[in-house]
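Data first, discussion second: the structure below is written as structure tokens.
Values below: every heavy atom of this structure, side chains too, minus hydrogens, waters and symmetry copies.
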Amino acid sequence: MVKNGYIEAIGHYDDVMKSPAASNIQREINCSGQCVIPGFVDPHTHASFIGLREEEFAMRLNHASYLEIHKMGGGIKNTVQKVRNSPEDELCESTAKRVLNALKSGTTTMEIKSGYGLATEHEIKLLKVINKVGKITPLDIIPTFLGAHAVPEEYSNRENDYVDLVINEMIPSIASKKLAQFCDVACDEGFFSVENSKKILTAARKSGMGLKLHGDELGDFGAAKLAAELKVDSVEHLLATNDEGLRSLANANVLAVLLPATAFSLGVSYARARKMISEGVPVALATDCNPGSCYCESMAFVFMLAVLGMGMSVNEALNAATLNSAYAIKMNKKVGSLDKNKQADFLLLDGESPTVIPYHLGGSVIKSVYKLGEKVS
């Protein structure tokens, strides 16, 4: 039973109907033959960008690696130039379109990172867009500052100078404007060193931001150990993390956000979800929606890959795509499960259990999407 957008009572129909509040029910929804699950929570996206990169996808099909494309001036740098040249309203329209596509696929809460500006004014522009999209669409949008996504062209071979800019100019400005809830850093081969990643995240924590870390996607770089040391809110990717790194995450109780659609798109091995779970690492799932390595807004597709590609059980994937994902962005008290006093964000599936998501390959199993108790798709 839902009141004012929140779950007032939940349980067996007969028990709920015995409660005093049941006399005030104004509308009933017949969900017979349909499974009801929480709305998906997508805790890692780069959905605020302009322009696509199909040509780079074609290059990868011809065996060019992600890092090779990046070194040739493609990848993140390609999108940075387009974002810098685009007005705020154009970026907002482009971002909102992808967010609404995600909504149709069952996502009711989404994190969106900046990171395609790589200059103070453009990072602020992106974060303003991300915050605005949270107001003009039905979703809860969580903004993350990712100024340390890559070293921009104008700072080529001057990583330390750019890190100083991020710490001394970007973080204070963004924190004073309250534009981001989290700070993220790309700590990996060809991106930011462990030492510089630590400096940035330490500064961000002092400014009041939560911490996230891209890490160990392209190689076993030591990002997992840094994530454990700093006890970040979540560490993402982890395709190449070694056993010692995983144990450090488990010991520090740091949540791992896995991105199987990215591995699928890049044609590389998935993160070792089963190993992480057996070691006691809490696991969440996300799309990594971005214009380069993973143009995907569908958490249902990610759910399917988690089960069929990473060996997770249906229940593990469901928890990872909802409640654990909510923990990754500190939204677990509001969303991620169907409990009394939480937001009435839920999906109706065309099947009698969540198993229908990986079972119906390529099928549209999300029949209805409800946000705060109202049907939005």
Here the gap from Phe191 atom CZ to Asn196 atom CG, rounded to the nearest 0.5 Å, amounts to 14.5 Å
Notebook entry, point to check: Is Arg272 paired with Glu279 through a side-chain N to carboxylate O contact shorter than 4.0 Å?
Noted result: no
- prompt: Would you call the rings of His46 and Tyr116 parallel, tilted or perpendicular, where under 30° means parallel and over 60° means perpendicular?
  reply: tilted
Do other residues, nucleotides or ligands put more than 12 heavy atoms under 6.0 Å from Tyr270 OH? yes
Between Leu118 and Glu123, is a side chain to side chain contact (heavy atoms under 4.5 Å, CB included) present by the stated rule, with each step listed? CA-CA 6 Å; Leu118 305 188; Glu123 286 294 304; 4.2 Å; yes
Residues passing the side chain to side chain donor-acceptor pair (under 3.5 Å) test with Asp339, sequence neighbours excluded, are Ser337
Only one of Thr144, Leu127, Thr45 passes side chain to side chain contact (heavy atoms under 4.5 Å, CB included) with Ile112, and that residue is Thr45
Checking Asp288 against Thr262: is there a side-chain donor and acceptor pair closer than 3.5 Å?
yes
In short, Phe40 meets Ile366 closest at the heavy-atom pair CE1-CD1, 4.1 Å
Is a side-chain donor-acceptor pair under 3.5 Å present for Asp216 with His237? no
Do NZ/NE/NH1/NH2 and the carboxylate oxygens of Glu297 and Lys104 come within less than 4.0 Å?
no
(request) Taking atom types as modelled, find out whether Ser293 and Arg60 have a side-chain donor-acceptor pair closer than 3.5 angstrom. (result) no
Separation between CG (Leu285) and CZ (Phe303), nearest 0.5 Å, reads 8.5 Å
Margin query: Assess, by modelled atom type and distance only, whether the side chains of Arg98 and Ser94 contain a donor and an acceptor separated by less than 3.5 Å.
Written below: yes
Checklist entry - Should Lys198 and Glu229 count as an ion pair when the cut-off is N to O under 4.0 Å? => result yes
Check: Is the closest side-chain donor-acceptor distance between Lys206 and Thr202 under 3.5 Å?
Finding: no
request  = Count the heavy atoms belonging to other residues, nucleotides or ligands that lie under 6.0 Å from CG of Asp14, then report whether that count exceeds 12.
outcome  = yes
For Ser353, the side-chain contact (heavy atoms from CB on, under 4.5 Å) test, sequence neighbours excluded, returns Thr355
Salt bridge or not between Glu154 and Arg84? Use side-chain N to carboxylate O under 4.0 Å. yes
Check: Hey, is the main chain of Phe145 close enough, under 3.5 Å, to the side chain of Lys212 for a donor-acceptor pair?
Finding: no
Between Lys371 and the options Leu139, Thr108, Thr137, the side chain to side chain contact (heavy atoms under 4.5 Å, CB included) test singles out Thr108
Taken in chain and number order and not counting sequence neighbours, the residues that satisfy ring-ring contact (aromatic ring centres under 6.0 Å, His included) with Phe264 are Phe301
